[in-house]
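The structure appears below as structure tokens.
Reminder, nothing fancy here: chain letters follow the sequence lines and each chain counts from 1.
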Amino acid sequence: MKNRILSFSIALAITLLPFLSNPVFCQSHHSAKATSTTNVNMALGNPSNATTSTVNANNYLMQKPQYCLSYNNKNHIPNWVSWHVQTSDIGPVDRKNDFRPDDLLPANWYHVSSTDYIRSGFDRGHQCPSADRTSYEENNSATFLMTNMIPQAPNNNRITWMHLESYCRSLVFQGNELYIICGVYGQGGIGSAKPDIVRTLQSGVTVPAQTWKIIVVLPSGENDLSRITTQTRVIAVLMPNTQDCSKHPWQNYRVSVDSIEHLSGFNFLSNIPENIQKVIESKVDNTPVNKQI
DNA sequence: CTGTCGTTC
DNA sequence: GAACGACAG
């Protein structure tokens, strides 16, 4: 009996240790300024008022140490995924490639599997990128849950979108931390299998028409949203989920946050004071980007 | 030319 | 596990 309790305690400690030492998770506890939420990954707000009620199946909130999302059970893809990235999130861990269903979805819902995208002409496109979560194995592994994936046209995913992801990481290495949120809009994309518009994969997963992303750039520092001012750089893009997306670099797809709000009906950056939101959401980023990334 | 990143099969 | 494409350096 004694041994059992002892071995259970050890098992518990082993289970909890990586979790408790995970900087992403720990930081979520002292993001004092994040008002309605304690998770650093959605510190700037919950753009669709997603909830953890299973009744709210098409706007179902999932909070993970690595990222947060609103899941759409009708479309079988997330409405949006939100995360925070800083230098400590990027480490030595190899890409795990363990694409798999997300067991944390309610048991009676359809669980998208890794094979649902097979031969569809669309990539299993990460929302929170693998390369933004390489500090610990479990953090990288978490990005391969299918609730973090959308059917993404290969040229969108591997070229234009990836260049923006790389550019974001270069901003982190230059001494910034980023609050990122991205998601989908509409239905019907053009993948690599045929030149026609595809509305759903054979497995029933919705193919979005557009992908969008919003990046708030802050110099690395204490996790305090009061540092966000009218001068804070915000990059927002909206691009087609098609193969010819890559005809232009991501810079050409820059828009205002306002325009994505009008399109989607979401309310972004809602934890920032209104007067500041007003200014930074109406601008279109025009910072020159030297390299072709 | 090698390394990185995101993929497919 | 092998191979691919698009870069960056």
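- As a whole-Å value, the separation of Asp123(A) CG from dC4(C) P is 17 Å.
- To the nearest angstrom, P of dT7(B) lies 5 Å from CZ of Arg95(A).
- Taking the centre and axis of the six-membered ring of Tyr117(A), the NZ or CZ atom of Arg124(A) falls outside the cone set by 45° and 6.0 Å.
- The aromatic ring centres of Phe144(A) and His126(A) sit less than 6.0 Å apart.
- Counting any heavy atom pair closer than 4.0 Å across all strands shown, Phe144(A) reaches no nucleic acid atom.
- Rounded to whole Å, the distance from CG on Asp116(A) to P on dC9(B) is 14 Å.
- Atom CE in Met162(A) sits roughly 10 Å away from atom P in dA6(C) (whole-Å rounding).
- As a whole-Å value, the separation of Phe99(A) CZ from dC5(B) C1' is 12 Å.
- Using a 4.0 Å heavy-atom distance criterion, Arg119(A) is classed as a sugar-phosphate-only contact.
- Taking atom CG of residue Asp132(A) and atom P of nucleotide dT4(B), one finds them 17 Å apart after rounding to whole Å.
- Atom P of nucleotide dC5(B) and atom CZ of Arg124(A) are separated by 18 Å, given to the nearest angstrom.
- Here Pro154(A) lies out of heavy-atom contact (under 4.0 Å) with every strand.
- One atom, CG of Asn148(A), and another, P of dG6(B), lie 11 Å apart when rounded to the nearest Å.
- The phosphate of dC7(C) has OP1 or OP2 within less than 4.0 Å of a side-chain N or O from His163(A).
- Tyr110(A) and His76(A) have tilted rings, their planes meeting at an angle from 30° to 60° on a 0 to 90° scale.
- Within the 4.0 Å cut-off from OP1 or OP2 of dT7(B), at least one side-chain nitrogen or oxygen of Asn157(A) is found.
- Taking only side-chain nitrogens and oxygens, Arg158(A) never comes nearer than 4.0 Å to OP1 or OP2 of dT4(B).
- Not less than 6.0 angstrom separates the ring centroid of Tyr253(A) from the ring centroid of Trp212(A).
- Side chains of Leu44(A) and Leu225(A) form a contact here, defined as non-hydrogen atoms less than 4.5 Å apart.
- For Ile118(A), the listed nucleotide lying nearest its side chain is dC9(B); candidates were dG6(B), dT7(B), dC9(B).
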